[in-house]
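First the structure, in the form of structure tokens, and then the observations on it.
Count residues from 1 along the sequence. Nothing here was measured: the structure is a model prediction, and the numbers come from that model.
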Amino acid sequence: MNDNTDTTIDVLKARIDRLEQEKARYLSMFAQSGAPAIIVEADMSISLANEKFEELVGYSRAEIEGHIMWPDFMALEDRERMKKYHRLRRIEGQTVPEEYECKVIHRDGSVRNIYMKVGMLPGMKTSIANFMDITSRKRAEEALVESQRQLATLLGNLPGMAYRCRQDDQRTMAFASEGCLGLTGYRPSDLVANKTCAYADLIHPDDRHRLAETITQALSNQHSFEMVYRIRTASGDEKWVWEKGVGVFTLESKLLALEGFITDFTDQKQSEQALVRENLRLRSTMRDRYQFGNIVGKSPAMQKVYQLILNAAASDANVIIYGESGTGKELVARAIHELSDRKGLGFVPVNCGAIPETLIESEFFGYAKGAFSGAGQAKQGYLDAADKGTLFLDELGEINQNMQVKLLRAIEGGGYTPLGSSGLRRPDIRIVAATNRDLRQMVRQGLIREDFFYRIHIIPIQLPALRQRKEDLPLLIDHFLKQEYADKHPPRIPGQVLDALLNYHWPGNVRELQNVLHRYVTLGQLDFLEPQPTPPVATILPDGGQAEADLDYQAAMTGFEKELFIKALEKHRWHREKAAASLGLSRRTFFRKLKKLGLSDR
């Protein structure tokens with residue numbers, strides 16, 4: 001060989017070396033690419049795949065290269081389109097999309113949405129394809145579309161109007177939902193951009209200024225607002241509406257729009273007004289009264305009880321009444337029932353402690369005819385009898401845990417089945433329970449189920465013992481004596497007897513007082529369940545003298561009242577307003593009684 005031949009061979013070797021180096025560098029870049037990529041031959045076989053493509057389809061390169069055709073990875077609905085593009089791309093002069101979306105099937109069967117970009121290698125029938133997994137983006141897009149669909153459905157079916165408007169004097173609407181028609185009588189298109197009617201013109205003239213001030217104040221602090229006001233509909237009717245809105249601001253606190261929701265509030269407003277009137281009526285019957293229904297007492301403790309009775313009557317929640325025996329728990333339960341919406345329906349009192357454990361289930365749930373030996377006819381249970389009404393469970397703490405579970409299921413909507421019956425019953429009952437025991441302690445001891453306790457213990461009412469409200473004793477004595485003698489005047493009560501009644505600690509509470517008075521007027525003697533802890537203290541008379549045995553009832557009552565007032569005044573250093581408050585009396589009543597008792601000048 002001559003020198004020229006050697007030079008040519010060296011040049012060719014150098015070029016081959018460079019090509020090999022470029023190929024190696026290209027294959028390295030291909031393999032290390034951050035995106036899935038494959039090289040597809042003219043027959044649709046895959047001659048090369050990188051690591052990211054392995055992750056995309058779940059197969060190894062050894063399984064892919066030369067063994068699996070590219071269409072086999074495609075979802076069925078995309079295969080024909082891909083094959084068509086593959087063929088046309090190899091025909092000179094054909095225009096074929098270089099980028100498109102399709103779906104790839106992973107080895108585990110899951111479907112991946114991908115964005116695919118394909119290019120031909122220069123001078124060859126081989127193509128290179130790069131992929132981007134857009135599954136998360138597609139899911140987000142689909143979720144957004146579904147969310148928009150749901151929002152449109154929701155807005156179209158709301159019993160009210162969602163809106164967006166500019167914050168100007170006319171509240172120019174940019175958007176109003178379909179509920180606008182039912183609320184105002186105008187279609188959304190009538191209100192949007194004030195085409196037919198400006199929303200501001202719908203607002204009752206007497207409420208416009210108040211609403212504008214409320215909105216302005218809320219927007220100045222970038223807070224939401226809500227308000228109840230009146231509108232006039234397209235037909236001229238007046239409606240109460242409730243609106244809640246919020247301003248839409250830029251990051252620079254510039255107001256862009258006002259968005260919110262308006263709904264019909266007429267029924268609620270009428271109910272609210274009726275409730276206010278009824279509440280005022282009830283309060284007026286309580287004010288300066290010594291009696292609330294069959295409950296007697298005007299002490300501050302009893303005034304709190306009266307308020308709780310009103311609150312409980314306005315609700316349909318379950319009530320638990322705590323108090324010692326004889327404090328009048330059933331009277332309170334009946335008062336709640338009579339003041340509630342269930343008035344006139346069944347009030348069923350149940351003494352839980354008096355029911356034998358073997359009969360408790362049949363007593364509560366009833367039984368069908370022939371359910372057991374001796375069941376000659378069907379019997380209605382307490383829950384049936386109280387349906388639509390009130391079930392009063394006295395001595396609730398006596399119910400065992402097994403029965404607690406069954407009662408809990410019945411009152412929570414699961415219903416119950418009478419013994420010997422297959423029919424499920426779901427009563428509508430309100431439970432008012434009573435106990436003289438500490439239910440919380442019983443929960444800690446495992447005697448009361450916690451879920452049962454919290455289902456019953458929604459509105460608690462604590463009744464004071466009689467010894468804790470002795471200022472009510474004269475009222476109670478007068479009340480029970482009038483009951484004993486009906487329309488006749490009650491007999492004289494000697495001062496020493498009255499002192500004994502006032503100084504006794506009354507462990508049996510009001511019930512014991514009633515029984516003691518009954519025995520006294522019947523037998524002429526005063527008997528207590530327990531001996532007096534201290535000798536009787538004589539009542540102070542208006543003239544400062546001691547009570548005598550023949551002191552009449554009215555004089556004794558006046559003496560006791562004067563003593564009570566003097567003690568209250570001394571306790572508060574003769575501050576009359578504070579003394580009146582401590583006795584639960586209004587200022588006017590207190591001053592009138594001071595004058596009557598001869599204490600006004602002291």
Side-chain angles (χ1 to χ4, degrees), residues 271 274-275 278-279 281-282 285-286 291-296 302 304-323 325-355 360-366 379-399 403-416 418 425-437 439 448 451-463 510-511:
S271 298
L275 184 61
E278 178 66 10
N279 200 18
R281 184 188 69 80
L282 290 171
T285 64
M286 289 173 57
Q291 188 169 343
F292 183 64
N294 291 320
I295 308 168
V296 176
M302 290 308 296
K304 291 179 182 178
V305 170
Y306 298 160
Q307 184 61 54
L308 288 171
I309 290 173
L310 288 175
N311 294 342
S315 167
D316 203 40
N318 294 331
V319 179
I320 178 70
I321 305 169
Y322 293 98
S325 294
T327 50
K329 296 187 286 294
E330 184 169 346
L331 291 178
V332 171
R334 287 185 181 275
I336 292 170
H337 174 75
E338 290 300 319
L339 292 171
S340 73
D341 291 339
R342 296 176 183 264
K343 176 183 179 182
L345 301 170
F347 178 86
V348 180
V350 180
N351 186 344
C352 301
I355 307 174
I360 191 166
E361 187 169 347
S362 63
E363 290 294 312
F364 272 95
F365 301 141
K379 178 183 177 182
Q380 186 183 52
Y382 294 135
L383 269 65
D384 271 337
D387 192 19
K388 305 293 189 299
T390 301
L391 182 64
F392 174 55
L393 300 179
D394 197 10
E395 300 305 333
L396 180 74
E398 302 300 325
I399 298 178
M403 194 61 194
Q404 291 172 29
V405 173
K406 294 178 180 180
L407 272 178
L408 185 63
R409 182 174 184 274
I411 64 180
E412 286 189 334
Y416 68 94
R425 302 186 185 181
R426 290 188 172 90
D428 172 19
I429 58 175
R430 185 207 194 157
I431 289 183
V432 178
T435 185
N436 59 6
R437 304 174 68 178
L439 293 188
I448 294 286
D451 51 359
F452 182 72
F453 171 78
Y454 284 112
R455 191 67 180 84
I456 299 297
H457 193 278
I458 297 177
I459 301 179
I461 298 178
Q462 179 71 51
L463 297 188
V510 179
R511 185 185 296 121

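No donor-acceptor pair under 3.5 Å is formed between the side chain of R430 and the backbone N or O of G389. No donor-acceptor distance shorter than 3.5 angstrom exists from the side chain of E361 to the backbone of M403, with no hydrogens or angles considered. Looking at N318, its side chain does come within 3.5 Å of a backbone N or O of I431 through a donor-acceptor pair. Counting only distance, with no hydrogens or angles, the side chain of S340 and the backbone of H337 share a donor-acceptor pair below 3.5 Å.
No side-chain heavy atom of V510 sits less than 4.5 Å from a side-chain heavy atom of V296. Two residues are said to be in side-chain contact when any heavy atoms from C-beta on lie closer than 4.5 Å; T390 and V348 fail this criterion. Contact check for I461 versus I336: side-chain heavy atoms found under the 4.5 Å cut-off. Counting only heavy atoms from C-beta outward, the side chains of I448 and Q404 approach each other to under 4.5 Å. Counting heavy atoms from C-beta outward, D451 and L408 have side chains that approach closer than 4.5 Å. The side-chain heavy atoms of I456 and L396, taken from C-beta on, include a pair separated by under 4.5 Å.
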Using side-chain contact (heavy atoms from CB on, under 4.5 Å), reason through V319 and I458 one step at a time and then give a plain yes or no. CA-CA 6 Å; V319 179; I458 297 177; over 6 Å; no
Verify salt bridge (Lys or Arg N to Asp or Glu O under 4.0 Å) between E338 and R334, making sure each step is shown before the conclusion. CA-CA 6 Å; E338 290 300 319; R334 287 185 181 275; over 6 Å; no
Show the numbers, then the answer: is there a side-chain contact (heavy atoms from CB on, under 4.5 Å) between I411 and R455? CA-CA 9 Å; I411 64 180; R455 191 67 180 84; 3.8 Å; yes
Walk me through whether L345 and D387 qualify under side-chain contact (heavy atoms from CB on, under 4.5 Å). CA-CA 8 Å; L345 301 170; D387 192 19; over 6 Å; no
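More than 12 non-hydrogen atoms from other residues, nucleotides or ligands lie less than 6.0 angstrom from CG of N351. Within 6.0 Å of CG in N294 there are 12 or fewer heavy atoms belonging to other residues, nucleotides or ligands.
Residues A333 and V432 come closest through the heavy atom pair CB-CG1, 3.7 Å. Minimum heavy-atom separation, P427 to A410: CD-O, 4.3 Å. Between I320 and A434, the shortest heavy-atom contact is CD1-N, 4.0 Å. Counting all heavy atoms, side chain and backbone alike, L339 lies closest to A313 at CB-CB, 3.5 Å. Here the shortest heavy-atom pairing between P460 and Y322 reads CB-CE1, 4.2 Å. Nearest approach of A386 to L391, heavy atoms of both residues: CB-CB, 3.9 Å.
To the nearest 0.5 Å, atoms CG (L463) and NZ (K304) are separated by 13.5 Å. I360 CD1 to K406 NZ: the interatomic distance, rounded to the nearest 0.5 Å, is 10.0 Å. Taking CD of E330 as the reference point, atom CZ of R511 lies at 9.0 Å (rounded to 0.5 Å). From D384, atom CG reaches atom NZ of K379 across 11.5 Å, with rounding to the nearest 0.5 Å.
In summary, R437 and E395 do not engage in a salt bridge, as defined by a charged side-chain N under 4.0 Å from a carboxylate O. A salt bridge does not link D394 to K329: none of the charged side-chain nitrogens sits closer than 4.0 Å to a carboxylate oxygen. Electrostatic pairing of R342 and D428 counts as a salt bridge here, judged by a charged N lying under 4.0 Å from a carboxylate O.
A ring-ring contact (aromatic ring centres under 6.0 Å, His included) with Y382 is found for one member of F364, Y416, F392 and no other, namely F364.
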